[in-house]
Amino acid sequence: MNYDIAIIGAGSAGLSAAIYAARGGLNTVVFENGLVGGQITQTMEIENYPGFEEVLDGFTLTDRMKKQADRFGPEFKTEEVKNVTLDGACKVIETNKTTYRTKALIIATGANPRKLGVPGEMKLTGRGVSYCATCDGALYRGKTVAVIGGGDSAVEEAMFLTRFVKKVYLIHRRDELRAVKIVRDRVFKNEKVEFIWDTVPQEVNGENGVESLTLFNKKTKETSKLDVDGVFIYVGIIPNNKIFENQLNYDDQGFILTDENMHTKLHGVYAAGDIVHKTLRQVVTAVSDGAIAAFSAEKWIQENEHKFE
Ligand code: NAP
């Protein structure tokens with residue numbers, strides 16, 4: 001056995017699990033193939049994470065979590081997990097480098113932005129099509145951009161973009177925003193944001209950069225062209241569940257089903273954060289999941305120690 005506990009993913013949920021597991025004295029490893037901090041590193045302003053009066057950016061918050069975790073000594077490995085076998089007493093984790101065996105596993109692989117799936121989107125990604133206003137917003141100083149979506153991300157990022165751009169068209173497929181009230185109230189007061197309701201993009205046009213969008217109004221059935229310099233797409237998230245395939249139970253969108261102890265259907269296997277089926281995806285719920293998962297895993301290891309001898 002290489003480790004007591006392995007955590008896949010070092011976003012907020014994984015980092016919280018690492019703090020709890022390593023502080024609990026468990027020999028802990030965290031696998032992260034991308035950036036430590038996960039999705040929230042791309043958020044510029046977090047004002048609802050308790051304990052911080054000042055507005056924090058996601059990178060700073062998760063950087064502090066990583067430094068806090070380091071105090072307790074979990075191992076962080078920059079390796080891509082390719083395959084996992086979860087049904088035995090030992091969980092087997094195959095990465096791009098080697099194979100590890102662990103007593104318990106916490107899945108904290110999170111979720112990624114959903115693509116629109118329209119012509120031009122892939123071709124112009126990185127050349128005017130973006131999924132991250134925090135990363136790319138400053139490139140559009142004085143320009144006109146479109147934001148697609150009506151959820152919290154679309155609305156918050158549209159407002160963030162107004163710091164730089166001349167105008168934001170917020171294009172939503174219905175005539176009512178999904179975003180929470182406080183965010184809705186703010187965006188309606190923002191004079192740089194113009195709403196285009198009941199409308200979906202059909203194509204992103206341009207050769208070497210975005211030039212315009214072809215739009216389709218679902219009510220009037222009319223097609224139109226809107227000149228924009230950039231398009232920011234926020235149409236939801238899809239769970240990173242590929243490596244677990246059919247080994248767990250999922251909801252109809254592929255998020256992992258757990259009980260209140262973050263326990264999946266398999267012994268010694270827990271899930272935490274955005275990958276989990278839940279109603280509120282926030283840093284505060286991700287870190288809570290991570291703590292519960294690590295606590296539950298620790299208890300499970302104690303009760304089942306005889307199986308690993
Ligand atoms: P979301 O809440 O799922 O919203 C996705 C939006 O995209 C919806 O308005 C949806 O329209 C629209 N959409 C979906 N597929 C589309 C398509 N093919 N074409 C056009 N529009 C499409 O996703 P999110 O905004 O990324 O948020 C994800 C989670 O993170 C949520 O739980 C959210 O509350 C949370 N979050 C919280 C904060 C915060 O509290 N500070 C910030 C960001 C995100 P419909 O409305 O018609 O379904």
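Throughout, numbering of the chain's residues begins at 1 and tracks the sequence. As the structure lists them, so they are numbered: ligands from 1, and atoms in each ligand from 1.
- The nearest non-hydrogen atom to atom 14 (C) of ligand 1, considering only Thr279, Val235, Thr285, comes from Val235.
- By the 3.5 Å distance cut-off applied to N or O atoms, Gly151 is counted among the residues near ligand 1.
- Nearest to atom 47 (O) of ligand 1 by heavy atom, out of Arg281, Gln39, Arg174, Glu156, is Arg174.
- Checking atom 31 (C) of ligand 1 against the protein gives no heavy-atom contact under 4.0 Å.
- Take Glu47 and apply the salt bridge (charged side-chain N to carboxylate O under 4.0 Å, His left out) test, not counting sequence neighbours, and it matches Arg186.
- Of all atoms in ligand 1, listed by their number and element, those nearer than 4.0 Å to a heavy atom of Tyr234 are 6 (C), 7 (O).
- Looking only at protein heavy atoms, the nearest one to atom 36 (N) of ligand 1 is Gln282 NE2, 3.6 Å.
- In the hydrophobic clustering of ILVMFWY residues, with side-chain heavy atoms under 4.5 Å counting as a link, Leu124 and Ile148 come out together.
- Of the options Arg173, Lys115, Glu176, Lys278, the smallest heavy-atom separation from atom 17 (C) of ligand 1 is shown by Arg173.
- Residue nearest to atom 33 (C) of ligand 1, selected from Ile148, Asp152, Val180: Asp152 (by heavy-atom distance).
- Listed by chain and number, the residues in a side chain to side chain donor-acceptor pair (under 3.5 Å) with His277 are Asp251 (sequence neighbours excluded).
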Ring pair (Phe, Tyr, Trp, His ring centres under 6.0 Å), that's the test. Do Phe195 and Tyr169 meet it? Break it down for me.
CA-CA 6 Å; Phe195 293 87; Tyr169 289 102; over 10 Å; no

